[in-house]
Amino acid sequence: WISGTSPPTRHRFPDESGLASLTAQMNGLRHVIVRDYGSSLSQIRELIRMNQDPGYNYVNLGWIAALGRALEGAGARTDLTGEYGNLTLNAGGLRLLGAMVNRGQWLSWAREALLATKSPTVSWRGVLINSFQSYLPSRMISEFVRMVGGRRTRASSVFLRRQWIESLAKDMEDPAACFQSSDFRQLRLNVLRMIDVGVGRKGFLAMYGVDQRAPLGDRRVIEFSLRLPNEQLFRSGRSRPLASRALADRLPAEVLNLPTRGFQAA
């Protein structure tokens, strides 16, 4: 992303270091900024050698490697990461409107949808696609995201030969289907069951001598989050009301009330 140009997608920004600095300052932590550099392609072979497994999310390799080297150089032995946060502590959002539709709670849906559109970053288009996407084909949703958000379709961003993609599609169920459940709890369960970070954790430990841990992936945190009623995840047109109250004395207002989102691997 080049400074001075438009962000990669709508309502996204590429550099979260300023907000991270405010958060660290509020909690009395020393903030060290680690920047991405070098070619991710040059790291793929070493990653596969260490992990004995194909890598994923290659666009993140640059900053992950830079972070590993910085932690190793500082003599760190443990690294607390933020995975699972979007499925537990930070769970919520317009997807909860789909649950209201599925339950036939039309009055509640109309009230929440109207309140949600009061936000400058929420449109009726977004409300409708989040409310009814579980009833739409995944290809239609992908095309909608491409048109509205500026993201490429999955087929155009996968480095597999087309005949392999077509062959895989015939032999397996639609992999996007697990992301379309109108039951928000089931949706998160589906995603959690797809995640296995064990191999990557051992590879990171072997490469940098640092043991990675994900506090928000603790089973107790996951189970607590899955037990929460939807009203604690989305209410009065706002996401994460419970988390916002719980973190009010731990996060600056600039973070809690941020209307936009960071762009991963910008």
Validation row: [X], [Y] side chains within 4.5 angstrom (heavy atoms):
X: Leu67; Y: Asp79; result: yes
X: Val34; Y: Trp63; result: no
X: Phe204; Y: Asn51; result: no

Please check this pair: side chain of [X] against backbone of [Y], looking for a donor-acceptor N/O pair closer than 3.5 Å.
X: Thr117; Y: Leu114; answer: yes
X: Asn130; Y: Gly126; answer: yes
X: Ser225; Y: Val221; answer: no
X: Glu112; Y: Ser236; answer: yes
X: Arg213; Y: Leu80; answer: no
X: Ser244; Y: Arg240; answer: yes

In Å, rounded to the nearest 0.5 Å, how long is the span from [atom1] of [X] to [atom2] of [Y]?
X: Asp211; Y: Leu205; atom1: CG; atom2: CG; answer: 5.5 Å
X: Leu256; Y: Asp249; atom1: CG; atom2: CG; answer: 9.5 Å
X: Leu128; Y: Gln133; atom1: CG; atom2: CD; answer: 11.5 Å
X: Leu89; Y: Leu216; atom1: CG; atom2: CG; answer: 5.5 Å
X: Ser21; Y: Met26; atom1: OG; atom2: CE; answer: 13.5 Å
X: Ile222; Y: Arg188; atom1: CD1; atom2: CZ; answer: 10.0 Å

For this session: For the residue pair Tyr135 and Phe132, categorise the inter-ring angle as parallel (less than 30°), tilted (30 to 60°) or perpendicular (more than 60°).
Result: tilted
Kindly give the heavy-atom pair with the smallest separation between [X] and [Y], and that separation in Å.
X: Ala24; Y: His31; answer: CB-CB, 3.8 Å
X: Leu94; Y: Ala116; answer: CD2-CB, 3.9 Å
X: Ala91; Y: Phe184; answer: CB-CE2, 4.0 Å
X: Leu192; Y: Tyr84; answer: CD2-CD2, 3.6 Å
X: Leu22; Y: Pro252; answer: CB-CG, 3.9 Å
X: Met50; Y: Ala206; answer: SD-CB, 3.8 Å

Exercise. More than 12 foreign heavy atoms under 6.0 Å from CG of Leu107: is that the case here?
Worked result: no
For this session: Give a yes or no on whether Glu72 atom CD has more than 12 heavy-atom contacts from other residues, nucleotides or ligands under 6.0 Å away.
Result: yes
For this session: Please lay out, stage by stage, how Asp15 and Arg35 fare under the test salt bridge (Lys or Arg N to Asp or Glu O under 4.0 Å).
Result: CA-CA 10 Å; Asp15 190 346; Arg35 296 292 185 189; 3.3 Å; yes
Exercise. When you look at Arg185 and Asp183, which way does the salt bridge (Lys or Arg N to Asp or Glu O under 4.0 Å) test go after all the steps?
Worked result: CA-CA 6 Å; Arg185 180 181 182 277; Asp183 183 336; over 6 Å; no
Exercise. Please walk me through it: do Leu258 and Phe13 pass side-chain contact (heavy atoms from CB on, under 4.5 Å)?
Worked result: CA-CA 11 Å; Leu258 188 68; Phe13 60 98; 3.8 Å; yes
Donor-acceptor side-chain pairing of [X] and [Y] below 3.5 angstrom:
X: Arg245; Y: Gln232; result: yes
X: Thr81; Y: Arg201; result: yes
X: Arg250; Y: Thr23; result: no

Assigning hydrophobic clusters by single linkage (Ile, Leu, Val, Met, Phe, Trp, Tyr; side-chain heavy-atom cutoff under 4.5 Å), is [X] placed with [Y]?
X: Trp124; Y: Leu96; value: yes
X: Ile48; Y: Val199; value: no
X: Phe224; Y: Leu233; value: yes

For this session: Check the pair Trp106 / Val101 against side-chain contact (heavy atoms from CB on, under 4.5 Å), numbers first and verdict last.
Result: CA-CA 6 Å; Trp106 294 107; Val101 170; 3.7 Å; yes
For this session: Go through the steps for Leu189 and Arg193 under the test side-chain contact (heavy atoms from CB on, under 4.5 Å), then give the verdict.
Result: CA-CA 6 Å; Leu189 270 174; Arg193 287 166 175 162; 4.2 Å; yes
For this session: Go through the steps to decide whether Ile195 and Val197 satisfy the test side-chain contact (heavy atoms from CB on, under 4.5 Å), and finish with yes or no.
Result: CA-CA 6 Å; Ile195 298 174; Val197 299; 3.8 Å; yes
